[in-house]
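A short write-up of the structure that comes next.
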Amino acid sequence: AQKVTQAQTEISVVEKEDVTLDCVYETRDTTYYLFWYKQPPSGELVFLIRRNSFDEQNEISGRYSWNFQKSTSSFNFTITASQVVDSAVYFCALSEANSGGYQKVTFGTGTKLQVIP
Amino acid sequence: DAGITQSPRYKITETGRQVTLMCHQTWSHSYMFWYRQDLGHGLRLIYYSAAADITDKGEVPDGYVVSRSKTENFPLTLESATRSQTSVYFCASSERRGSDTGELFFGEGSRLTVL
């Protein structure tokens, strides 16, 4: 079974604060991919990152960073010095092969981030 | 225009009617997905397809039917719409990279209301 848990339903921070969004996943596969997507108030889904299960190096992209830890099955997302434009719903997702070898991508329930000016 | 498009963007229907949501992509991506988004549930996978004529159920397939006779199209049909199917539906596609998927590209969503 495949499962992605985003326990934080909503988070509010004041602008310029750092914030970490948690993502915990469950999978029986050794090869899988993890994703983060952003959904701003306008509704579109924006790709942020894709990481495979063999690459545990942390990644940084500007104010965004991701911490992948297989030991705890977590793929957390940190925004440094948050800005109002970061206000959105953030989704974590897991791609895993089904019994036929085809990829199935399932999402968590999302974390709504509100950055207060 | 290149990309992934969904139609209709907005639809109001009545309980018991059949509704088809269309999804078309111009990239020739192998994978296509249908999700529904509901408050408190995030994005839930309805059906997905690895290639033309290859489809499989996701988490919430009941009440939905899909087909994929052509790579670029992946219609989702609600055979007899129910109020619980009121939702925003997102179609997505991704290229096949070996045995894995690349990033998912999403359509703009179709907002369906069942009265």
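Residue numbers start from 1 in every chain, and the chains themselves are labelled A, B, ... in the order their sequence lines are given, proteins ahead of strands.
Residues A/Ile49 and A/Leu21 are members of one and the same hydrophobic cluster, defined by side-chain heavy-atom contacts under 4.5 angstrom among Ile, Leu, Val, Met, Phe, Trp and Tyr. In the hydrophobic clustering of this structure, A/Tyr64 groups with A/Ile11; members are Ile, Leu, Val, Met, Phe, Trp, Tyr whose side-chain heavy atoms approach within less than 4.5 Å, directly or through other members. Put simply, B/Met22 and B/Trp34 are part of two different groups of oily side chains (I, L, V, M, F, W, Y) that touch within less than 4.5 Å, one to the next. Note: the hydrophobic cluster containing B/Val60 also contains B/Phe74 (ILVMFWY, side chain heavy atoms under 4.5 Å, direct or indirect links).
Heavy-atom contacts from other residues, nucleotides or ligands closer than 6.0 Å to CZ of B/Arg17 number 12 or fewer. More than 12 heavy-atom neighbours from other residues, nucleotides or ligands sit within 6.0 angstrom of CD on B/Glu95. Other residues, nucleotides and ligands contribute at most 12 non-hydrogen atoms within 6.0 Å of the NZ atom of B/Lys57. Within a 6.0 Å sphere centred on OH of B/Tyr10, other residues, nucleotides and ligands contribute 12 heavy atoms or fewer. Open room surrounds CD on B/Glu14; 12 or fewer heavy atoms of other groups in view lie less than 6.0 Å from it. Few gaps surround CD1 on A/Ile116; more than 12 heavy atoms of other groups in view lie less than 6.0 Å from it.
Using a 4.5 Å cut-off between heavy atoms, B/Leu39 makes no contact with chain A at all. If you measure heavy-atom distances from A/Gln6 to chain B, you find no contacts under 4.5 Å at all. Using a 4.5 Å cut-off between heavy atoms, B/Asp56 touches chain A through its side chain atoms alone. For chain B, the nearby part of A/Tyr37 is the side chain; its heavy atoms alone come within less than 4.5 Å. Proximity to chain A is limited to the side chain of B/Leu45, based on heavy atoms less than 4.5 angstrom apart.
Considering all non-hydrogen atoms of both residues, A/Arg50 and B/Glu103 come closest at CD-N, 3.9 Å. The minimum heavy-atom distance linking B/Leu104 with A/Phe107 is given by the pair CD2-CE1, 4.3 Å. Closest of all the heavy-atom pairs between B/Tyr35 and A/Val105 is OH-O, 2.6 Å. Across all their heavy atoms, A/Thr106 and B/Glu59 have their closest contact at CG2-OE2, 3.9 Å.
Annotation: side chain of A/Gln39 is not in contact with side chain of B/Phe106 (no heavy-atom distance under 4.5 Å).
No other option in B/Gly102, B/Gly58, B/Gly109 has as many heavy-atom pairs under 4.5 Å with chain A as B/Gly102. Comparing A/Phe35, A/Phe47, A/Tyr32 by heavy-atom pairs within less than 4.5 Å of chain B, the highest count is held by A/Phe47.
Rounding to the nearest 0.5 Å places CZ of B/Arg44 at 11.0 Å from OG1 of A/Thr109. Note that OH of B/Tyr31 and NZ of A/Lys104 are 12.5 Å apart. Values are rounded to the nearest 0.5 Å.
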request  = Please lay out, stage by stage, how B/Tyr48 and A/Gln103 fare under the test side-chain contact (heavy atoms from CB on, under 4.5 Å).
outcome  = CA-CA 9 Å; B/Tyr48 63 109; A/Gln103 293 296 309; over 6 Å; no

